[in-house]
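First comes the structure, then the notes that go with it.
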Protein chains: 2
Amino acid sequence: MRDPLPQLPGYSLRRAAHATATELGARLATLGLRQVDASVLILIAENADITASALGRQLDIQRANMVPLLKKLEDERLIERQPLDGKSQALLLTAAGRARMEAALGIIHAFEDELLARIPARHREHLLPALNALWR
Amino acid sequence: MRDPLPQLPGYSLRRAAHATATELGARLATLGLRQVDASVLILIAENADITASALGRQLDIQRANMVPLLKKLEDERLIERQPLDGKSQALLLTAAGRARMEAALGIIHAFEDELLARIPARHREHLLPALNALWR
DNA sequence: TATTGTTATACTCTATAACTATA
DNA sequence: TATAGTTATAGAGTATAACAATA
């Protein structure tokens, strides 16, 4: 079949992101986490007392959609909330949350290594800076 | 804020794909098309008499989800179907479909050029081969 | 037996608007 | 006046199962 689409960076970006997300998602599911859950746990670990709104801004997730996301993590006792003032609340990891986050990081780093290994050596180091130029 | 996520190729891939898809989607919407619609029109143009099933396999879209997609394009008189045998049907572009496809290609190529222009020159040519190594 | 086209459906993710309370 | 957290809801996209008809 003639298929010019893989010659288009935008299309290849779409397909590569979908394929890798499916793969990583399956591995993180063994921890009961989605990619976005792992991202949240990682950011809270690095930024103690961050608020839900600030987290949403950093991850490009709307406030309204943070609610069920954080509720799930709280229900599983992975995060806790503490009032900062009358309207804001600080997020922090529980011990279980930290353990889960570290397990997720292990899966993620192993996966990243595998991804990079698939790329021919001469292209490998260019992927991350090229990607980051597209959205940061 | 400390944010280690952009150092992860898998995460950057996700964010870059989302950002670029949003942007291209807005431009294609001026033609009444989504990215997937444009992909379908392009593939039919390059492969006359392709079937819906073959199209779905190439694009990684399930047969069941091709039904409403093709129905929309047929309702807009962009594609036509002709029976190949008792159970398969050939897809082909109408004149309007070809014109719409060419307009979409114009938008897409202009967008790809812009994307590549955002990438520092020394990384630019490596993006496509690196991406394709991740899913093809 | 495998494949094509189809229907119906469920689930996830995301977007939008609106509301209350507080800074 | 802007921001935080929340509720409710709608839409898009995708996944799954099942079916009839044909190769």
Side-chain angles (χ1 to χ4, degrees), chain A residues 1 11 13-15 17-26 28-29 32-40 43-44 47 49-75 79-92 135, chain B residues 1 11 14-15 17-26 28-29 32-40 44 47 49-75 79-92 135:
Chain A
M1 177 173 326
Y11 179 82
L13 194 51
R14 176 189 173 99
R15 292 294 299 266
H18 181 258
T20 58
T22 299
E23 218 172 322
L24 178 57
L28 288 175
L33 298 177
R34 299 167 301 161
Q35 284 181 79
V36 69
D37 299 324
S39 300
V40 164
L43 272 193
I44 295 176
N47 300 275
D49 291 359
I50 191 174
T51 65
S53 289
L55 208 43
R57 279 191 294 271
Q58 189 68 18
L59 293 169
D60 197 24
I61 299 174
Q62 315 206 27
R63 281 201 317 282
N65 294 327
M66 294 298 298
V67 176
L69 195 166
L70 293 176
K71 181 178 189 314
K72 174 193 163 228
L73 296 177
E74 191 179 28
D75 287 348
I79 65 171
E80 285 177 348
R81 314 191 202 209
Q82 288 180 351
L84 276 177
D85 56 33
K87 76 172 177 184
S88 295
Q89 50 194 231
L91 301 173
L92 45 92
W135 69 276
Chain B
M1 176 173 324
Y11 179 82
R14 176 189 172 100
R15 293 294 298 267
H18 181 257
T20 58
T22 299
E23 220 172 322
L24 178 57
L28 288 175
L33 298 176
R34 298 168 301 162
Q35 285 181 79
V36 68
D37 298 323
S39 300
V40 164
I44 295 176
N47 300 275
D49 291 358
I50 192 174
T51 65
S53 288
L55 208 43
R57 279 191 294 270
Q58 188 68 19
L59 293 168
D60 197 23
I61 299 173
Q62 316 206 26
R63 280 200 318 282
N65 294 328
M66 294 298 297
V67 175
L69 195 165
L70 293 176
K71 180 178 188 313
K72 176 195 162 225
L73 296 177
E74 191 180 28
D75 288 348
I79 65 171
E80 285 176 348
R81 314 192 202 208
Q82 287 180 352
L84 275 178
D85 56 33
K87 75 173 178 184
S88 295
Q89 51 195 228
L91 300 173
L92 45 92
W135 68 276

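Here the structure is a predicted model, which means the values were calculated and not measured. So that the names make sense, note that chain A is the first sequence line, chain B the second, and so on, each numbered from 1. Hydrogens, waters and symmetry mates play no part in the numbers below; they use all other heavy atoms, side chains included.
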So, with a heavy-atom separation below 4.0 Å from DNA chain D, the residues of residues 80-88 of chain A are A:R81, A:K87, A:S88
Per nearest nucleotide of DNA chain D, the residue lying toward the 5' end, A:R57 or B:R63, is A:R57
Side chains of [X] and [Y], heavy atoms from C-beta outward: is any pair under 4.5 Å?
X: A:D60; Y: B:H18; answer: yes
X: B:R81; Y: B:L70; answer: yes
X: A:R14; Y: B:V36; answer: yes
X: B:R34; Y: B:K72; answer: yes

Between [atom2] on [N] and [atom1] on [X], what's the gap in Å once rounded to a whole number?
X: A:I50; N: D:dT3; atom1: CD1; atom2: C1'; value: 15 Å
X: B:L55; N: C:dT6; atom1: CG; atom2: P; value: 13 Å
X: B:H18; N: C:dA15; atom1: NE2; atom2: C1'; value: 10 Å
X: A:L91; N: D:dA4; atom1: CG; atom2: C1'; value: 12 Å
X: B:R34; N: D:dT14; atom1: CZ; atom2: P; value: 8 Å
X: B:R15; N: C:dC13; atom1: CZ; atom2: C1'; value: 15 Å
X: B:I61; N: C:dG5; atom1: CD1; atom2: P; value: 14 Å
X: A:D60; N: C:dC13; atom1: CG; atom2: C1'; value: 13 Å

Between the OG1 atom in B:T20 and the CD atom in B:Q35, the distance rounded to the nearest 0.5 Å is 7.0 Å
The reported gap from CD1 in A:I44 to CG in A:D49 (rounded to nearest 0.5 angstrom) is 10.5 Å
Whichever of A:N65 and B:P68 has the more 5' nearest nucleotide on DNA chain C, that residue is B:P68
Out of C:dT16, C:dT6, C:dA15, minimum distance to the side chain of B:A64 belongs to C:dT6
Sorted by chain and number, sequence neighbours left out, side-chain contact (heavy atoms from CB on, under 4.5 Å) with B:Q62 holds for B:N65
